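Report on the following structure.
Since this is a predicted model, take the numbers as computed values, not measurements. Only this structure's heavy atoms are used, side chains among them; waters, hydrogens and symmetry mates stay out.
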Amino acid sequence: MATATEPTVLRKEEEEDDDSKPAPDDEDTGAQIAPIVQLQEVAVSTGEENEDVLLELKSKLYRFDKDGNQWKERGVGIVKLLKHKETGKVRLVMRQNKTLKICANHLVLSTMTVQEHQGNDKSCVWHAADFSDGELKDETFCIRFASVENCKTFKDKIAEIAGGQTKDSGESEEGKTAASLIEKLSVVAKDEDEKPKPKAEVSSSAEKKGEDEKAEAATEK
């Protein structure tokens, strides 16, 4: 005789059997799905492949807006001083962290000077002909570092590069001047040799030659 608890026990056993069966989603069909779009690796050029990094520091850059008479933020990123392997020229480049947009790009010239910004020993300012927007523009920049040491390192490195370019430029000018003087002296000497003698010198030489011939004839007699 079946008891009242038997249906309940049977239902529990059926539920356990159902739970032990794998779900349809868990079944491995072995099918391989090919991607819809094939992506290929693309080599990205930064333009810095032929340059050596002299300095790189994390900083925040500002540009002075002449129309609004105020400082405007250009971005937060890594400021770099890069030296070209062939020409030896050094440029300052800074990109924004996330977008990698260029916010500063100009040469470090011998006339470039970096000064402390209004008594703030973590910030400094300078002027430069910048090309970050695709055209040369005279800009005034202010850069702020996380520490006084980084700011001092940046200023000292700029001064070192600018001073080195001044020395190289001076030596080059001296060399050009010396070469020019040597060339002028060579031309003057050549002109002196090729210059025709005056008539007076020619006639005096002829007279002297005639007198010498007369003296020789008298001696023979």
Side-chain angles (χ1 to χ4, degrees), residues 41-180:
E41 293 185 2
V42 178
V44 179
S45 176
T46 62
E48 302 174 8
E49 289 76 13
N50 294 326
E51 295 171 308
D52 294 326
V53 179
L54 302 180
L55 181 71
E56 54 181 344
L57 296 169
K58 186 176 181 180
S59 58
K60 179 180 286 188
L61 186 69
Y62 298 86
R63 178 185 66 85
F64 187 74
D65 183 14
K66 297 178 183 178
D67 297 332
N69 195 27
Q70 61 181 343
W71 290 100
K72 290 189 175 181
E73 183 178 336
R74 291 283 284 178
V76 177
I78 304 296
V79 61
K80 296 181 180 180
L81 295 177
L82 305 173
K83 183 175 182 179
H84 199 277
K85 296 179 181 179
E86 296 180 1
T87 63
K89 293 182 179 180
V90 180
R91 65 174 177 139
L92 183 149
V93 178
M94 182 171 174
R95 299 176 184 270
Q96 295 178 1
N97 273 339
K98 296 181 179 180
T99 63
L100 299 181
K101 180 182 177 182
I102 296 177
C103 49
N105 181 20
H106 63 79
L107 291 174
V108 179
L109 303 176
S110 59
T111 55
M112 179 177 169
T113 57
V114 180
Q115 300 176 346
E116 188 176 289
H117 178 52
Q118 297 179 351
N120 189 340
D121 51 5
K122 294 183 181 180
S123 303
C124 48
V125 296
W126 73 92
H127 299 274
D130 187 68
F131 196 73
S132 58
D133 293 332
E135 59 179 352
L136 279 177
K137 292 192 297 184
D138 187 18
E139 298 282 9
T140 301
F141 290 111
C142 175
I143 195 167
R144 188 174 70 188
F145 297 94
S147 64
V148 178
E149 291 76 13
N150 287 352
C151 185
K152 185 177 184 301
T153 300
F154 177 77
K155 290 192 295 184
D156 293 345
K157 196 63 178 179
I158 292 290
E160 177 187 341
I161 295 170
Q165 289 188 353
T166 303
K167 183 179 179 181
D168 293 342
S169 176
E171 291 177 352
S172 177
E173 290 297 329
E174 290 178 1
K176 290 180 181 179
T177 304
S180 177

Rounded at 0.5 Å granularity, tell me how far [atom1] in [X] sits from [atom2] in [Y].
| X | Y | atom1 | atom2 | answer |
| --- | --- | --- | --- | --- |
| F154 | L57 | CZ | CG | 8.5 Å |
| M112 | I161 | CE | CD1 | 8.5 Å |
| I158 | T153 | CD1 | OG1 | 11.5 Å |
| L55 | L81 | CG | CG | 5.0 Å |
| D130 | L136 | CG | CG | 8.0 Å |
| K122 | E149 | NZ | CD | 9.0 Å |

Would you say [X] has more than 12 foreign heavy atoms packed within less than 6.0 Å of its [atom1]?
| X | atom1 | answer |
| --- | --- | --- |
| K155 | NZ | yes |
| Q70 | CD | yes |
| H117 | NE2 | yes |

**Message:** So does V53 get a backbone contact from the side chain of E48, meaning a donor-acceptor N/O pair under 3.5 Å?
**Reply:** no
**Asked** When you measure from the side chain of D133 to the backbone N and O of E135, does any donor-acceptor pair fall under 3.5 Å?
**Response** no
Using every non-hydrogen atom in the two residues, find where [X] and [Y] come nearest and quote the distance to one decimal.
| X | Y | result |
| --- | --- | --- |
| E73 | Y62 | CA-CD2, 3.7 Å |
| C151 | C124 | SG-SG, 4.0 Å |
| S59 | V79 | OG-CG1, 3.6 Å |

**Asked** Hey, are the side chains of N50 and E86 touching, using non-hydrogen atoms and a 4.5 Å cut-off?
**Response** no
**Student check: side-chain heavy atoms of V114 and F141 closer than 4.5 Å** = no
**Request:** State which residues pass salt bridge (charged side-chain N to carboxylate O under 4.0 Å, His left out) with K157; sequence neighbours excluded, sorted by chain then number.
**Result:** E160
**Request:** Specify whether W126 and H106 have parallel, tilted or perpendicular ring planes, treating 30° as the upper limit for parallel and 60° as the lower limit for perpendicular.
**Result:** tilted
Scan the side chains in residues 87-96 for donor-acceptor partners under 3.5 Å anywhere in the protein, sequence neighbours excluded, and list what turns up.
from, atom 1, to, atom 2, distance (Å)
T87, OG1, K89, N, 3.4
R91, NE, E51, OE1, 3.4
R91, NE, E51, OE2, 2.8
R91, NH1, N105, OD1, 3.0
R91, NH2, G47, O, 3.4
R91, NH2, E51, OE1, 2.9
R95, NH1, L100, O, 3.4
R95, NH2, T46, O, 3.0
Q96, OE1, T99, OG1, 2.8
Q96, NE2, R74, O, 2.8

**Message:** Test of understanding: with side chain to side chain donor-acceptor pair (under 3.5 Å), list the residues that count as partners of K72, not counting sequence neighbours.
**Reply:** D65
